[in-house]
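In this chain, residues are counted from 1 in sequence order.
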Amino acid sequence: MNIHQTPMQSWGPGSGIYLGKGVFITAAHVAGRGWLTRPKVAIAGSEYPTRVVKEGSFEGTDLTLLSVEEALLPARLRLRRNSICTDPPRPGQEVVTIVPGSAVRSHILAPDRLPVGSRSRFGTVIADVARTGNSGSGVFDVKRKCLLGIMSRKISQSQTRADTGKSETRDIAKYFVPAAEIAAFLPADLRL
């Protein structure tokens, strides 16, 4: 599903994942400051007002929990629960990112594939930058079918071309907030 700010953010909608019991998780920067942006969850062309349960920040824990009155949600969604993985992500592990309308396969990269300055800060990254969804998209463990993380941001690297001397920026990976941080972020009464 998509997450819309009020009014709609200029860069387009971000994504969110339904955890269960009327609770959705997204990247904090997608929802923005809830008191100001009044985020809504959009499912199949319908928007649902939300209540911000817990709000992180882009530079801190890039997660926000939103709640929708469960009775308002489509029955097919109310019956779902997405479990959060308990095993940490491993380099080479196959993952699927859920983007509105499709699932895209990728794999987890080893942090040593990142620029030195990014390695300690962004330890959980996937390889496919172009197709794996916007911020707030879910990253799922292919084998265990559990939520492994929430997409947060692209990691780019600037290089100067030897032939032209021009600087070019190339996207090299996407960071996702890992399941352990999601589990720690959830209030005790919302552990699903």
Side-chain angles (χ1 to χ4, degrees), residues 1-3 11-19 24-31 54-65 81-186 191-192:
M1 63 272 325
N2 288 322
I3 307 297
W11 41 268
S15 297
I17 294 294
Y18 185 63
L19 294 178
F24 295 81
I25 191 164
T26 188
H29 71 273
V30 167
K54 188 172 181 183
E55 192 172 79
S57 68
F58 185 61
E59 293 306 323
T61 301
D62 192 15
L63 297 172
T64 290
L65 291 173
R81 300 285 184 270
N82 279 310
S83 62
I84 297 171
C85 298
T86 54
D87 294 336
R90 306 173 318 282
Q93 180 178 359
E94 283 189 65
V95 296
V96 170
T97 59
I98 303 301
V99 300
S102 68
V104 180
R105 291 188 171 270
S106 189
H107 65 278
I108 296 175
L109 287 176
D112 64 1
R113 302 271 312 267
L114 298 176
V116 175
S118 299
R119 291 178 188 170
S120 63
R121 187 164 178 221
F122 304 117
T124 50
V125 293
I126 60 172
D128 187 342
V129 177
R131 302 176 310 124
T132 50
N134 294 329
S135 295
S137 296
V139 179
F140 287 84
D141 182 308
V142 170
K143 293 182 179 158
R144 292 182 183 86
K145 296 180 173 64
C146 55
L147 181 64
L148 195 58
I150 293 294
M151 204 62 74
S152 174
R153 67 190 83 196
K154 290 179 187 178
I155 298 172
S156 302
Q157 186 173 31
S158 293
Q159 295 176 325
T160 302
R161 290 184 51 152
D163 59 340
T164 64
K166 289 186 177 180
S167 180
E168 293 181 346
T169 301
R170 182 175 62 97
D171 296 332
I172 57 173
K174 276 188 179 173
Y175 165 71
F176 65 91
V177 180
E181 282 188 53
I182 293 170
F185 187 80
L186 291 175
R191 304 268 158 85
L192 305 168

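- By the neighbour-count criterion of 12 heavy atoms within 6.0 Å, atom NZ of Lys154 is sparsely surrounded, having that number or fewer from other residues, nucleotides or ligands.
- The nearest pair of heavy atoms linking Val177 to Ser152 is CG2-CB, 4.1 Å.
- Closest heavy-atom contact between Ile155 and Phe122: CD1-CB, 3.6 Å.
- Contact between Ala179 and Leu147 at its shortest, heavy atoms only, is CB-O, 3.6 Å.
- For Phe58 against Ala28, the heavy-atom pair with the smallest separation is N-CB, 4.3 Å.
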**Prompt:** Going through the checks in order, is the side chain to side chain contact (heavy atoms under 4.5 Å, CB included) test met by Leu186 and Leu19?
**Reply:** CA-CA 11 Å; Leu186 291 175; Leu19 294 178; 4.1 Å; yes
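- Here the CD1-CD1 distance, from Ile25 to Ile182, works out to 4.5 Å after rounding to the nearest 0.5 Å.
- In this structure, the separation between NZ on Lys166 and OG1 on Thr160 is 12.5 Å, given to the nearest 0.5 Å.
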**Derivation of the side chain to side chain contact (heavy atoms under 4.5 Å, CB included) call for Ile108 and Val139** = CA-CA 10 Å; Ile108 296 175; Val139 179; 5.9 Å; no
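- Among all heavy-atom pairs drawn from Leu109 and Ala173, the shortest one is CD1-CB, 3.9 Å.
- Salt bridge Arg105/Glu94: present, at least one basic N to carboxylate O contact under 4.0 Å.
- Atom OG in Ser15 sits 5.5 Å away from atom CG in Asn2 (nearest 0.5 Å).
- Considering only residues two or more places apart in sequence or on other chains, Ser158 meets the side chain to side chain donor-acceptor pair (under 3.5 Å) condition with Thr169.
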**Request:** Give the C-alpha distance, both sets of side-chain angles, the deciding distance and a yes or no for side chain to side chain contact (heavy atoms under 4.5 Å, CB included) between Val104 and Ser106.
**Result:** CA-CA 7 Å; Val104 180; Ser106 189; 5.7 Å; no
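- If you take CZ on Arg144 and CG on Asp87, they are separated by 4.5 Å, rounding to the nearest 0.5 Å.
- Minimum heavy-atom separation, Val96 to Ala103: CG1-CB, 3.4 Å.
- Atoms CZ and CD1, on Phe140 and Ile17 in that order, are 4.5 Å from each other to the nearest 0.5 Å.
- Judged by distance alone, the side chain of Lys174 and the main-chain N or O of Met151 form no donor-acceptor pair under 3.5 Å.
- Considering only heavy atoms from C-beta on, Tyr175 comes within 4.5 Å of Thr124 through its side chain.
- The backbone N or O of Gly136 lies less than 3.5 Å from no partner atom in the side chain of Thr26, so there is not a single donor-acceptor pair.
- Looking only at distances, a side-chain donor or acceptor of Asn82 sits under 3.5 Å from a matching main-chain atom of Tyr18.
- The structure places CG of Leu148 at 4.5 Å from SG of Cys85, a figure rounded to the nearest 0.5 Å.
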